[in-house]
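Residues: numbered from 1 along the sequence shown. Start at 1 and go down the list; that is how both ligands and their atoms are numbered.
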Amino acid sequence: MEKKEQLYEGKAKKVYATDDKDLVIVSYKDDATAFDGLKKGTIAGKGVVNNLMTNRMMQLLEKAGVPTHFVKELSERETLVKKVHIVPLEVIIRNVSAGSFAKRYGVEEGIPFDEPTIEFSYKNDDLHDPLINDYHAIALHLATKEEIALIKQYAFKVNDVLKAYFLTLGVKLIDFKLEFGKTADGTIVLADEISPDTCRFWDAKTDEKLDKDRFRRDLGGVEDAYREIFKRVTEGK
Ligand code: TMP
């Protein structure tokens with residue numbers, strides 16, 4: 001597969017064209033941002049961890065019946081994926097109160113929910129990714145009613161699979177963000193990444209944070225946290 005011109009550069013990844021119009025290469029960077037890019041930094045080795053971890057999660061989910069954009073791991077930082085139009089919604093599932101949920105509703109972090117919750121944010125940096133509901137998303141033509149129903153079904157399935165998987169590694173999946181895309185033939189697939197950048201992972205025994213909150217909140221031990229969660233994923237314990 002020949003890597004051609006760069007199509008796009010995001011905050012954490014670059015996307016390149018290939019000689020197949022339906023496939024692109026994503027390349028993961030060590031750059032880290034938070035708060036709409038206001039806070040900037042580098043997390044050494046993050047690109048490798050996020051690429052390899054995402055690919056494992058995508059393959060696990062594909063097996064469980066969730067279609068994904070994953071095609072082939074090319075190297076430590078690069079993966080071949082299906083070219084999609086990203087549905088401009090951040091799909092957030094939560095199992096335990098944390099982050100913006102705790103802040104918005106004035107509750108402590110760490111309260112487990114009886115049932116997982118789902119929410120959408122409109123992916124739009126200029127507007128700071130505002131919270132949006134299904135009706136608004138349909139009104140704005142961000143997705144159809146049918147697509148949103150499918151996205152919800154997939155997102156809860158992802159939660160079931162990943163929550164159980166991470167528990168076997170001694171990790172609580174607190175919450176996470178997913179993005180979906182539409183392939184050339186209109187199929188909705190899971191896209192983007194599933195990594196410590198996009199999930200909250202707490203150690204099941206100590207509640208130690210093993211994710212990007214260490215960077216967002218200046219808690220220190222950022223690289224170690226990425227290394228630790230990656231070690232558990234690769235060693236299966
Ligand atoms: P939040 O509590 O800040 O809304 O974050 C919920 C989840 O979404 C958390 O696991 C981190 C992830 N997330 C992203 O992947 N990208 C973002 O831009 C934000 C704000 C959160």
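- By the 4.0 Å N-to-carboxylate-O rule, E109 lies close enough to R217 to be salt-bridged with it.
- Residues with a heavy atom under 4.0 Å from ligand 1: I92, R94, A98, G99, S100, D175, F176, K177, D197, T198, C199, R200, R216.
- Qualifying side chain to side chain donor-acceptor pair (under 3.5 Å) partners for Y28, counting only residues two or more places apart in sequence or in other chains: none.
- Contact check on D218 versus K39 returns a salt bridge, with a Lys/Arg side-chain nitrogen under 4.0 Å from an Asp/Glu carboxylate oxygen.
- The stretch residues 153-186 participates, sequence neighbours left out, in these ring pair (Phe, Tyr, Trp, His ring centres under 6.0 Å) pairs: F166-F201.
- Checked for salt-bridge contact, D125 and K11 meet the test: a charged N lies under 4.0 Å from a carboxylate O.
- In this structure D36 satisfies the side chain to side chain donor-acceptor pair (under 3.5 Å) test together with H128, sequence neighbours excluded.
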